[in-house]
Amino acid sequence: MQEFAPIKEGKVREVYDNGDSLIIVATDRISAFDVILKNKIAKKGSILTQMSKFWFDFTKDVVPNHMLSVDVKDMPKFFQNDRFDGNSMMCKKLEMLPIECIVRGYITGSGWASYQENGTVCGIRLPEGLKESEKLPEAIYTPSTKAEIGLHDENISFERSIEVLEEKFPGHGAEYATKIKDATLALYKKCADYAYSKGIIIADTKFEFGLDENGNIVLGDEMLTPDSSRFWPLEGYEAGKGQPSFDKQFVRDWLKANPDSDYLLPAEVVTKTVDKYKEAFVLLTGKEFE
């Protein structure tokens, strides 16, 4: 049997080279504030992979994506076991664009902090008098550069995103920057409207895109998971305060309140976190998580 070793390990995911495709494995690791925590969150990797699959299927008419299969039977023998079953996705190889495509439909987090300071979010001026967690008049696109592990991503303007892409793909900067911006906003609109109808507000999220062998823009990475998005319950939503959420906010809040934790979570925080992930999965897909 052919053995495989990851060609790339992120904070949470491992990437394996499968010749003409990649196999992306979502581990049960969890990161917060750009640090990998000492705990594992059981089943988290499978929930994230199955949620990405749901969204990739849901949006393939908006923009093509890199997913080929989440069935380990379609993958080499090495992956056909419990360690990889459910949390692995075989994907097309793409040349990834060096931009994180962030879209914000509600004002929260670092955006809220920036707005309180000077009325802008990532350089975009917003109407006066917005309250924390309020829905924006229209979703805004706030790209950032992708940082190496351990460094923070840097928010940039749309104009700067053109320059970054032009440096890497001469003659295509403006074209690619515009295409990924338009795709990001179209994906967010379709998915946020759907999620709202299921009782979940998608406050913000990020997408990543790459180029296929023909130079087409293709959606890659993960999609609309609690790791890459802020999900809030619609029930009880009220602007003017922070919102409870289905994502890592629970972990972030505990870490902030316990600065001496050395990034080790108590068991009940781990359990509550995975329960939140499962709850979001059930609401969005209408299926119990197996």
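Of the options Leu97, Thr145, Ile156, Thr142, a side chain to side chain contact (heavy atoms under 4.5 Å, CB included) to Ser161 is made by Ile156 and by none of the others. Leu255 pairs in a side chain to side chain contact (heavy atoms under 4.5 Å, CB included) with only one of the listed residues (Val35, Leu264, Leu37), which is Leu37.
Note on ring orientation: taking the six-membered ring where Trp is involved, the planes of Tyr176 and Phe169 are perpendicular (angle over 60°, cut-offs 30° and 60°). Ring geometry, Phe4 versus Phe79: the interplanar angle falls from 30° to 60°, so the pair is classed tilted. Ring geometry, Phe158 versus Tyr141: the interplanar angle exceeds 60°, so the pair is classed perpendicular (tilted spans 30 to 60°). In this structure, Phe58 and Trp55 have perpendicular ring planes: the angle between them is above 60°, well past the 30° mark.
With a 6.0 Å radius and a threshold of 12 heavy atoms from other residues, nucleotides or ligands, Lys73 has its NZ atom at or below the threshold. Counting heavy atoms of neighbouring residues, nucleotides and ligands inside a 6.0 Å radius, atom CD of Glu268 exceeds 12 of them. Dense packing is recorded around CG of Asp193, with more than 12 heavy atoms of other residues, nucleotides or ligands lying under 6.0 Å away.
Contact annotation: the side chain of Pro64 never approaches that of Lys60 to less than 4.5 Å [non-hydrogen atoms, C-beta and beyond]. Counting only heavy atoms from C-beta outward, the side chains of Asn65 and Met223 never approach each other to under 4.5 Å.
Side-chain contact annotation: Glu235 with Tyr237, donor-acceptor N/O pair under 3.5 Å absent. A donor atom on one side chain and an acceptor atom on the other are not found under 3.5 Å apart for Asn87 and Ser46. Remark: the Glu222 side chain and the Thr225 side chain contain an N/O donor-acceptor pair separated by less than 3.5 Å. Residues Ser69 and Asp71 have side chains that never bring a donor and an acceptor to within less than 3.5 angstrom of each other.
Look at Asp61 and Lys190 and you find a salt bridge, because one of the NZ, NE, NH1 or NH2 atoms lies within 4.0 Å of a carboxylate O, short of that distance. The pair Asp204-Arg230 meets the salt-bridge criterion, with a side-chain N (NZ, NE, NH1 or NH2) lying under 4.0 Å from an Asp/Glu carboxylate O. Comment: Lys276 engages Glu279 in a salt bridge, judged by a side-chain N to carboxylate O separation of less than 4.0 angstrom. Glu14 and Arg29 are joined by a salt bridge, as a carboxylate oxygen and a charged side-chain nitrogen come within less than 4.0 angstrom of each other. Salt-bridge check for Lys93 with Asp212: failed, with every basic side-chain N at 4.0 Å or more from each acidic carboxylate O. Between Glu167 and Arg160 there is a salt bridge, since a side-chain N of the basic residue sits under 4.0 Å from a carboxylate O of the acidic one. At a threshold of 4.0 Å, the pair Asp221-Arg13 counts as salt-bridged, since one of the basic side-chain nitrogens sits closer than that to a carboxylate oxygen.
Looking at Asn81, its side chain does come within 3.5 Å of a backbone N or O of Phe78 through a donor-acceptor pair. Remark: the backbone N or O of Ile7 is not paired with any side-chain donor or acceptor of Glu9 at under 3.5 angstrom. Proximity of a side-chain donor or acceptor of Ser114 to a complementary backbone N or O of Ser110 within less than 3.5 Å is not detected. Of the possible polar contacts, none joining the Ser229 side chain to the Pro226 backbone as a donor-acceptor pair under 3.5 Å is found.
Cation-pi geometry between Lys43 and Phe289 is not met at under 6.0 angstrom from the ring centre and within 45 degrees of the axis.
Cluster annotation: Val103 and Val164 are assigned to the same hydrophobic cluster (Ile/Leu/Val/Met/Phe/Trp/Tyr, side-chain heavy-atom contacts under 4.5 Å, transitive). Tyr196 is connected to Leu283 through a chain of hydrophobic side-chain contacts under 4.5 Å among Ile, Leu, Val, Met, Phe, Trp and Tyr, so both are in one cluster.
Rounding to the nearest 0.5 Å gives a distance of 5.5 Å between OG of Ser88 and CE of Met75. Separating the OH atom in Tyr277 from the CZ atom in Phe231 is a distance of 9.5 Å, to the nearest 0.5 Å.
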Worked verdict on Glu238 versus Ser133 for side-chain contact (heavy atoms from CB on, under 4.5 Å): CA-CA 8 Å; Glu238 189 187 344; Ser133 308; over 6 Å; no

